[in-house]
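Working notes, structure below.
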Amino acid sequence: MLKDSILKFLKLDTLVEHLTGFVETRIELMKLEIKEEVAKAVARVLILGLLMAVFTLFIMLMSMAVAFKIGESLGAFGGFAIVAGFYLLVGVLLVLMRDGIREALEKQLSEIMKKKKK
């Protein structure tokens with residue numbers, strides 16, 4: 001009772017109402033911005049997943065085509081063995097170079113994050 005009369009006397013009641021409204025509006029705005037960013041991130045992840053699936057399918061089919069083509073002259077097993085050996089070589093190179101690849105990816109991702117903050 002005394003608090004209400006002091007606020008009305010000093011005309012702070014409208015100021016408190018406006019400040020409360022401002023804070024509530026800012027909270028709602030932040031919620032909307034977060035929802036928008038999440039929607040964008042989910043869309044990017046879905047597109048990336050779709051692209052990775054298509055690229056994986058392309059690599060698999062091209063690998064089989066190459067294996068069959070090599071297999072025409074070396075036999076079916078030889079063609080698939082050569083293609084498998086190529087992928088084994090690529091895998092070994094990736095394992096040997098994993099620290100350099102990781103550092104390069106971290107550097108690029110940190111640069112991307114810095115650009116987004118500005």
Side-chain angles (χ1 to χ4, degrees):
M1 185 78 163
L2 181 62
K3 178 181 170 186
D4 292 334
S5 60
I6 292 174
L7 287 176
K8 285 182 182 179
F9 177 73
L10 296 174
K11 295 186 180 180
L12 293 176
D13 56 339
T14 56
L15 179 64
V16 170
E17 289 176 16
H18 289 296
L19 187 60
T20 304
F22 174 75
V23 170
E24 290 173 354
T25 304
R26 287 292 295 172
I27 290 171
E28 289 299 317
L29 178 63
M30 289 177 67
K31 286 180 184 178
L32 289 174
E33 289 174 349
I34 289 171
K35 286 179 184 177
E36 183 179 333
E37 289 296 320
V38 168
K40 286 180 183 178
V42 168
R44 285 187 205 127
V45 167
L46 289 175
I47 292 294
L48 182 63
L50 182 63
L51 288 173
M52 287 175 50
V54 169
F55 185 71
T56 300
L57 187 60
F58 171 76
I59 293 295
M60 288 174 53
L61 292 174
M62 284 303 295
S63 297
M64 289 189 339
V66 169
F68 279 118
K69 193 64 176 169
I70 294 172
E72 287 178 358
S73 59
L74 298 177
F77 179 76
F80 282 95
I82 289 174
V83 171
F86 170 75
Y87 285 119
L88 178 64
L89 179 65
V90 169
V92 168
L93 288 174
L94 286 174
V95 167
L96 293 176
M97 298 174 10
R98 68 182 175 264
D99 291 333
I101 294 171
R102 180 185 45 81
E103 290 172 4
L105 285 174
E106 286 175 359
K107 182 179 177 183
Q108 287 181 348
L109 288 174
S110 67
E111 288 176 8
I112 289 171
M113 296 302 276
K114 287 178 186 177
K115 288 180 183 177
K116 282 191 174 185
K117 288 183 181 179
K118 291 181 181 180

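Quick note: numbers below take in every heavy atom, side chains included, and nothing from hydrogens, waters or symmetry partners. Just so we're clear, the structure is a prediction, and the values are computed from it rather than from any experiment.
By the side chain to side chain donor-acceptor pair (under 3.5 Å) test, Arg102 pairs with Glu106, sequence neighbours left out. Residues passing the ring pair (Phe, Tyr, Trp, His ring centres under 6.0 Å) test with Phe68, sequence neighbours excluded: Phe80. Checked against side chain to side chain contact (heavy atoms under 4.5 Å, CB included), Ile27 has the following partners two or more places apart in sequence or in another chain: Val23, Lys31.
Rounding to the nearest 0.5 Å gives a distance of 4.5 Å between CD of Glu36 and NZ of Lys40. Taking CD from Glu24 and CG from Leu19, the interatomic distance works out to 10.0 Å, rounded to the nearest 0.5 Å.
Proximity of Arg26 to Phe22: side-chain heavy atoms (C-beta onward) are separated by under 4.5 Å at one or more points. By the 4.5 Å heavy-atom criterion applied to side chains, Val90 and Phe86 are counted as neighbours.
Among residue pairs with one or both ends in residues 80-100, those qualifying as side-chain hydrogen bond (donor to acceptor under 3.5 Å, both in side chains) are Ser63-Tyr87; sequence neighbours excluded. Note on residues 63-76: pairs passing salt bridge (charged side-chain N to carboxylate O under 4.0 Å, His left out), not counting sequence neighbours, are Lys69-Glu72.
Follow the hydrophobic side-chain contacts under 4.5 Å out from Met52 and you never reach Ile101; the two are in separate clusters. Cluster annotation: Leu57 is connected to Met64 through the hydrophobic network of ILVMFWY side chains, with a link wherever side-chain heavy atoms come within less than 4.5 Å. No single ILVMFWY cluster, assembled from side-chain heavy atoms under 4.5 Å apart, contains both Leu50 and Val42. Taken together through direct or relayed side-chain contacts under 4.5 Å among Ile, Leu, Val, Met, Phe, Trp and Tyr, Met62 and Phe55 form part of one hydrophobic cluster.
Closest of all the heavy-atom pairs between Ile70 and Gly79 is CG2-CA, 3.6 Å.
The hydrophobic cluster around Leu51 extends to Ile47, counting ILVMFWY residues whose side-chain heavy atoms fall within less than 4.5 Å of a member.
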